[in-house]
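Before any comments, here is the structure.
What you see is a predicted model; the values in this text were computed from it and never measured. Order of listing sets the numbers, starting from 1, for every ligand and every atom in it. Numbers here are sequence positions counted from 1.
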Amino acid sequence: MNVMVIGGGGREHAIVKKLRENPEITALYALPGNGGMAREAICVPIGATDLTAIAAFAKEKAIDYAVVTPDDPLVLGAVDLLEGQGVPCFGPNKAAAMLEGSKAFAKDFMQRHNIPTAAYKTFTDPEAALSYVASCPLPTVVKADGLALGKGVVIAETREAAAEAVRAAMCEGKFGHSGETVVVEEFLTGPEVSVLAFTDGKTVVPMVSSMDHKRALDNDQGLNTGGMGTVAPNPFYTEDVARRCMAEIFLPTVRGMAAEGRPFKGCLYFGLMLTPQGPKVIEYNCRFGDPETQVVLALLGSDLFTVMRAVTEERLEEAEVRFKKGAAACVILASKGYPLSYQKGFEIEMPEDVRPHVLYAGAKEKDGKLVTSGGRVLGVVGTGATLPEALALAYARAEEITFANKFYRRDIGKRALEA
Ligand code: AMP
Ligand code: GLY
């Protein structure tokens, strides 16, 4: 079968590697992929949001199955377009991707279905939003409605900061159309858990839980990033919590979307906070998380392609989705200066036995060599019977990799170990 994966980061590399385990896949393309994954997939220089070119490529190569991974093509309707020309896809259609595409939609949806989440108000008028943040409880959380490269959330400790966040989104167009509507919500506290789940619109099968590390520096200091490392499972996510989440969050979400005529098929990401009042939804993503996927798929014992097709064909109930015992850790090696400004183009070197454990995010080929091409350069994975073993392996491998300006957090998994 000819399969294409849309996207080009570390998450996509993890997916590509896992798909490679299925012998039915004869040709595997990544659009655009990146130089680091060129051993496992044929990388094609078509951007993940260039839907016209993607659709034409699918025709030209007689693609039998497409995995649409990033948020923007999903929200733009890549799945609708490809399915319209007869290509089965893994990923939600445009109507279902709204769960991530619009925070206002997601919040109203949760309210309609009694799904626990932070109290909120939605604004389309900047004056009304400014007047609200002038007297709301602090800290408060200001969120741009639409996709904003993970930068659309501001936790404001002061009135000035809240007003500034509102003005940046609504008056100064910092996030373009994404910020024309703003959600202001209650500040919640508690450990965060990421749960990715397969769902075919009827059945929901949560994957092993994980924990992201979003801040750039050790001890959760510094700016928010796309994620500096992950561990799985997340020790805060006990069996008790899992049962509650299934009853109060996962099933109501999947059933609610189906009831509203937007059945969600694909990977649904639940960003949860375990508050003193119980688990609450911080955000939905309509896709696999990055870098959660890097640890979650490291523990997936079943064949990914088989599960994906069961999702597409709405047979998830019959599918075997098994996770291995033990733990996984992923340490992101970034370029110094990330997430602000950083240099690129430095040669990456590593021992050949480390390479199978590396998932490339920002790397490209130049004159036959791999060089850095992004802020998050690669993710180094370790697995083991216990989290300390997994972490020790990931860190030992991380140290064997060299490139100029290499930078990484030294405390991935620390909070999980303390739990
Ligand atoms: P997001 O970009 O939606 O993933 O949000 C980024 C981060 O902001 C989350 O991972 C949380 O740590 C934090 N956050 C978002 N919403 C809230 C909230 N209502 N209360 C406390 N923290 C929040
Ligand atoms: N790791 C968070 C995300 O993928 O949105």
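Remark: the N219 side chain and the K414 side chain contain an N/O donor-acceptor pair separated by less than 3.5 Å. For the residue pair E292 and S194, a side-chain donor N or O sits within less than 3.5 Å of a side-chain acceptor on the partner.
A donor-acceptor pair under 3.5 Å is formed between the side chain of K265 and the backbone N or O of T312.
The residue from T189, V141, L149, T275 that puts a heavy atom closest to atom 18 (C) of ligand 1 is V141.
In this structure, the protein non-hydrogen atom closest to atom 5 (O) of ligand 1 is V153 CG2, 3.6 Å. Of the protein's non-hydrogen atoms, the one nearest atom 22 (N) of ligand 1 is I155 CD1, 3.5 Å. The shortest contact between atom 21 (C) of ligand 1 and any protein heavy atom is with L188 O, 3.2 Å. Annotation: atom 19 (N) of ligand 1 to nearest protein heavy atom, E185 OE2, 2.7 Å. Atom 12 (O) of ligand 1 has E192 OE2, 2.4 Å as its closest protein atom, hydrogens excluded (heavy atom only).
Residue contact check: G289 has heavy atoms under 4.0 Å from atoms 4 (O) of ligand 2. Close contacts of ligand 2 with N285, meaning ligand atoms under 4.0 Å from a residue heavy atom, involve 3 (C), 5 (O). For ligand 1, the atoms closer than 4.0 angstrom to any heavy atom of F187 are 20 (N), 21 (C). Atoms of ligand 1 found under 4.0 Å from any heavy atom of I282, numbered from 1 in the order shown, are 15 (C), 16 (N), 17 (C), 18 (C), 23 (C). Within the listing of ligand 2, atoms 1 (N), 2 (C), 4 (O) sit less than 4.0 angstrom from a heavy atom of E292. Within the listing of ligand 1, atoms 3 (O) sit less than 4.0 angstrom from a heavy atom of K103.
A distance below 6.0 Å separates the ring centres of F305 and Y65. Taking the six-membered ring wherever Trp is involved, the centroid distance between the rings of F250 and F270 falls below 6.0 Å.
Note that CG of L299 and OG of S209 are 10.0 Å apart. Values are rounded to the nearest 0.5 Å.
Taking distance alone, with nitrogen or oxygen atoms compared against 3.5 Å, D290 approaches ligand 2 more closely than that limit. Between K143 and ligand 1, an N or O atom pair is found at a separation short of 3.5 Å.
Counting heavy atoms closer than 4.0 Å to ligand 2, residue M228 contributes nothing at all. The proximity of R11 to ligand 2, defined as any non-hydrogen pair under 4.0 Å, does not occur for either the backbone or the side chain.
Contact detail for D212 and G229: the closest heavy-atom pair is OD1-O, 3.2 Å.
Assignment of F288 to the shell around ligand 2 is not supported, since no heavy atom sits closer than 4.0 Å.
Using cut-offs of 30° and 60° for the angle between ring planes, the F105 and F109 rings count as parallel.
Paired with T117 under the rule side chain to side chain donor-acceptor pair (under 3.5 Å), one option of Q111, E283, K280, K107 passes, and it is K107.
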